[in-house]
Amino acid sequence: MKTLHEKAVAFAKTYLKSESDLILVLQEIDRRKGYRELGFKSLFEYARSLGLSESVAYNLIVVARKALEVPTLQERLQAQEITLSNARTITSVLNSANQEKWIEKACTLSKRELEKEIAKEFPEKSVPETTRYLAENRVELRLGISEALLKKLKRIQDLESKQDAASLEQTLEAMAESYLSKHDPIEKAKRARKPVPEQVFSTTPAVHAHLNTRKRFYPAPLKHAVHLRDQVQCTHVTHNKRCTERRWLDIHHKKPLSQGGQTTLDNLTTLCRGHHRLLHHGR
Ligand SMILES: [Zn+2]
Ligand SMILES: [Zn+2]
């Protein structure tokens, strides 16, 4: 048992050392935007490609970035006096003005005690937004909201309660339906009756036009066709995997207008901001 224990001690030491070394390397790659050179749009995507789980990659990056702002955190991480998990717990409240106090707590308290301390001082930060599976199709959603928002929800609940009283879930369902039917580009595209345009549309050069761009750049039927085909998701492929980004999207001309490219369905594609920038500027 003694040898096993010695092994465990040695491996634990290497493990913690690797963690703090990895933070340093990620900081440097982040500073140089080196992940773009390697074909990744974000440090997160890059860290995932190293085989790190989503939560580990995310925590490492949040902590690495915070440590550059807060020197004491960097020192304590390098001295392996603070765990990654405790460092992650205080990142939302930590700044250079309060660093002594919070880092001291993070070095001595358990994660649970630390969360309690944060809740005491920053009640608005105390409930992290979480979702957790309860059954195959049921998810528990936990979040803190303001009293003002609760009042608005209750108001909508009143309006939704017709024959029977609406539950909070039914209220949220109605809100989601109403929002999506109004704002989801895919829903709009499905509703539009006009056929997919065949003809070329003349446009003003609007190479970086955002999705919410004006009709004069992308005629609505063309925009709808792009949305239906790409499903309002970035189409960039890195290492055989399509980018999953569904936010901050642009419509991009594969062959630029300046090189005679045209505003046709075939020449248009959906890109997220990161990949769009990568394609145009290579960084
Ligand atoms: Zn573009
Ligand atoms: Zn993308």
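What you see is a predicted model; the values in this text were computed from it and never measured. Ligands are counted one by one from 1 in listed order, and the atoms in each one are counted from 1 as well.
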field: Atom name, His276 (N, O or S, nearest to the Zn ion (ligand 1))
entry: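 Atom name returned: NE2.
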
query: Are Lys241 and Glu45 ion-paired here, with the side-chain N under 4.0 Å from a carboxylate O?
result: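 Here Lys241 does not pair with Glu45 in a salt bridge, since their nearest N and O are not under 4.0 Å apart.
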
salt_bridge(Arg65, Glu69) N-O dist < 4.0 Å: no

NE2 (His280) - the Zn ion (ligand 1) - ND1 (His252) angle, nearest 10°: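 About 100°, to the nearest ten degrees.
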
message: So, of the N/O/S atoms that His275 has, which is the nearest one to the Zn ion (ligand 2)?
response: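 The Zn ion (ligand 2) is closest to the His275 atom ND1, counting only N, O or S.
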
- request: Flag the pair Phe40 / Tyr46 as yes when their ring centroid distance falls below 6.0 Å, and as no otherwise.
  value: yes

- request: Using the Zn ion (ligand 2) as the apex, give the angle to atoms SG (Cys243) and SG (Cys234), rounded to 10 degrees.
  value: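 If I round to 10°, I get 110°.
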
Table please: side-chain donor-acceptor pairs of residues 7-16 below 3.5 Å, with sequence neighbours left out.
unit_1, atom_1, unit_2, atom_2, d
Thr14, OG1, Ala10, O, 2.7

- request: Going by the salt bridge (Lys or Arg N to Asp or Glu O under 4.0 Å) test, name the single residue among Glu113, Glu117, Glu115, Glu121 that passes it with Lys105.
  value: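 Result: among Glu113, Glu117, Glu115, Glu121, Glu117 is the only option passing the salt bridge (Lys or Arg N to Asp or Glu O under 4.0 Å) with Lys105.
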
query: N/O/S atom of His253 under 2.8 Å from the Zn ion (ligand 1), yes or no?
result: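 Checking the Zn ion (ligand 1) against His253, no N, O or S atom falls under 2.8 Å.
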
